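Take a look at the structure set out below.
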Amino acid sequence: MIEVADLRKRYRKATAVDGLSFRVADGRITGFLGPNGAGKTTTLRILLGLVRPTAGRATIDGKAYRELADPIRRVGAVLEASNYHPKRTGRGHLRVLCTAAGLSWSRADELLEFVGIANAAGRAVGGYSLGMRQRLSVAGALLGDPQLLVLDEPANGLDPEGIRWLRDFLRAFAAGGKTVFISSHVLAEIEQIADEVVIIHRGRLVAQENVAELRAKAVGATRVRSPDAARLRESLGQAGIEAELDGDRLATTAPAERVGEVAAANGIVLHELTAEAPSLEEAFLELTAGETGR
Amino acid sequence: MSRLVRAELMKLRTVRSALWVTLGMVGLVGISVISVVASSGTIETAGNDRSVARIAAIAVLFALLLGIIVMGAEGTHGTITQTFLVAPVRERVLWAKAIVAVVLGVALAAVAEALTLLVAVPGVSLSVHNARYVLVGVLIASAAAGALGVGLGAVYHRQGPAIITAFLWLLIGESVLAIGLRDNVRYLPGHVFAAAVAGTRGSAQNDLVGAWPGALGAALYAGGFLAAGAALLSQRDV
């Protein structure tokens, strides 16, 4: 289990993490969300022992990362895709890590095959695309067959096929009872794979909830298309419902049933009436917007 | 620790920096010793034997450079992140790098000495016996320079600034300080390393300590820089 307790990190005048506390349970996929600069990367790097906290603790199974007996077999981490020696080959990079971790070199070849870059294994990483480097990062994270994966924006640079591959892989990884803690700004991706999300803003916890519960709290939207959209908007206004007009379309946060009733009562023809379920993105924006300006 | 040492050696094998450093040193030593042989007759004094043998001391500078690269390149390219994820106890990484740099320093010194002897013994009748303390001093100083380079690389965390600082210090820094320090200049790192490879009990001008105090001083400087590097590395955010 990951536990972050009253974590703080100050960089001279800037506070990156400000009293953050949360827990990530084993055997689940937990998304770690927040706007740019919210403190996600700093928190993950503190968890992985790369950055020293100003105060507080971030632990894995109750231990700081550097206290783990064999960290690469417990935790796999995918951080920036730029941390490679440009002249070293992909295979060479993984073999160095295998050697340091006491793993067989054949594990490097297995994983290069698994992440789909075996044909580029002998090329210098400097010639890799961002997507290929991300795949190499995933291969590096999996070397020790860890029980926990920590990923910082792993979808960055991946093409749609790569994103789908990553999504399928993470689902399969978690299906084996393992834990994934993944930060991302691609909320649609997180929504598709995460069981739970931790949302932070300005270094503080905003919410930690099950994705479905969080989505249920957000307000959905009703979309309407009508040849008499302007009159419908006026009628909705008289009923106390605000709506935005865009050509022959209206959007409102009122329930679709209520909009339909107002249209029927005023004899307005509707060509489309759609109730849109609230998305994680909407929930996220509502939560973080409330924090803005603190 | 042996895993980390092997990983560090592998890092050097999988890129060409170490190869270029070695080739650069071989080229410089080769040119220097061939020039001396071409322009000199048979050596007639022990002092001249030592002077010619000191050409191998070029290895000390290249060992320093390689030590800086062993540590500093990881910061420059960001690979230190991956290294610390596998081996989060940073001091162990530093010691592994220091061991590798010491071994490489000795290897560079051995290559430089072999090349010097290969050309100078038949070329100018260099006496290995007369030059023996120089040869031992070059081995010790190169080993210490490698370790010092790792410490300096850890202090700066980037190879570029560390290399520039080291060479500016050697080219300008000690000369400037010599004005104010007078005789005490012999305790500065460049002079201490020079004493280690001099193969004598001290210089006539009193600006160098003896060879053995020089070797000891070089080792102390290496230890000091490693300790400073370890202290900074353990605190640094990467």
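Keep in mind that this is a model prediction, so the values were computed, not measured. Quick note on labels: first sequence line is chain A, next is B, and so on, each numbered from 1.
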Practice task
Considering only heavy atoms, give the residues of residues 220-237 of chain B separated from chain A by less than 4.5 Å, sorted numerically, with 'none' for an empty result.
Solution key: S234(B), Q235(B), R236(B), D237(B)
Handout entry: Other residues, nucleotides, ligands: >12 heavy atoms within 6.0 Å of E113(A) CD
Key = no
Practice task
Measure distances from L48(A) to the heavy atoms of chain B and classify the residue's part below 4.5 Å as side chain, backbone, both or neither.
Solution key: both
Fill in the blank from the handout: Filtered by a 4.5 Å non-hydrogen cutoff, the part of residues 141-150 of chain A contacting chain B is none
Handout entry: T14(B) and R88(A) side chains, donor-acceptor separation under 3.5 Å
Key = yes
Handout entry: Part of R95(A) lying under 4.5 Å from any heavy atom of chain B
Key = both
Fill in the blank from the handout: Across all chains, not counting sequence neighbours, the salt bridge (Lys or Arg N to Asp or Glu O under 4.0 Å) partners of R57(A) are none
Exercise for the section: Identify the two heavy atoms, one from M10(B) and one from V96(A), that lie closest to each other, and give their separation to 0.1 Å. Expected result: CG-CG2, 3.6 Å
Problem - For the student: nearest non-hydrogen atoms of Y65(A) and F84(B), plus distance - result: CE2-O, 4.1 Å
Completion exercise
Across all chains, not counting sequence neighbours, the ring pair (Phe, Tyr, Trp, His ring centres under 6.0 Å) partners of W165(A) are F169(A)
Handout entry: Atom CZ of R23(A): over 12 foreign heavy atoms under 6.0 Å
Key = no
Exercise for the section: Name the member of A101(A), G140(A), G92(A), A124(A) that forms the most heavy-atom pairs with chain B at distances under 4.5 Å. Expected result: A101(A)
Handout entry: chain A contacts, top residue of V93(B), T81(B), T83(B), T76(B) (heavy-atom pairs, under 4.5 Å)
Key = T81(B)
Practice task
Find the one option among P88(B), A73(B), S2(B), S17(B) whose heavy-atom pairs under 4.5 Å with chain A are most numerous.
Solution key: P88(B)
Handout entry: Point-to-point distance, once rounded to the nearest 0.5 Å, from CZ of R66(A) to CZ of R90(B)
Key = 8.0 Å
Problem - Validation row: Q82(B), Y84(A) side chains within 4.5 angstrom (heavy atoms) - result: yes
Exercise for the section: Heavy atoms only: give me the nearest A100(A)-L4(B) pair and the separation to one decimal. Expected result: CB-CD2, 4.2 Å
Practice task
Could you check if a side-chain atom of L50(A) sits within less than 4.5 angstrom of a side-chain atom of L85(B), using non-hydrogen atoms only?
Solution key: yes
Handout entry: Residues, nucleotides or ligands: over 12 heavy atoms within 6.0 Å of F167(B) CZ
Key = yes
Practice task
Using a cut-off of 6.0 Å, state whether more than 12 heavy atoms not belonging to R16(B) lie near its atom CZ.
Solution key: no
Problem - Most chain B-contacting option - heavy-atom pairs closer than 4.5 Å, from R45(A), R52(A), K87(A) - result: R52(A)
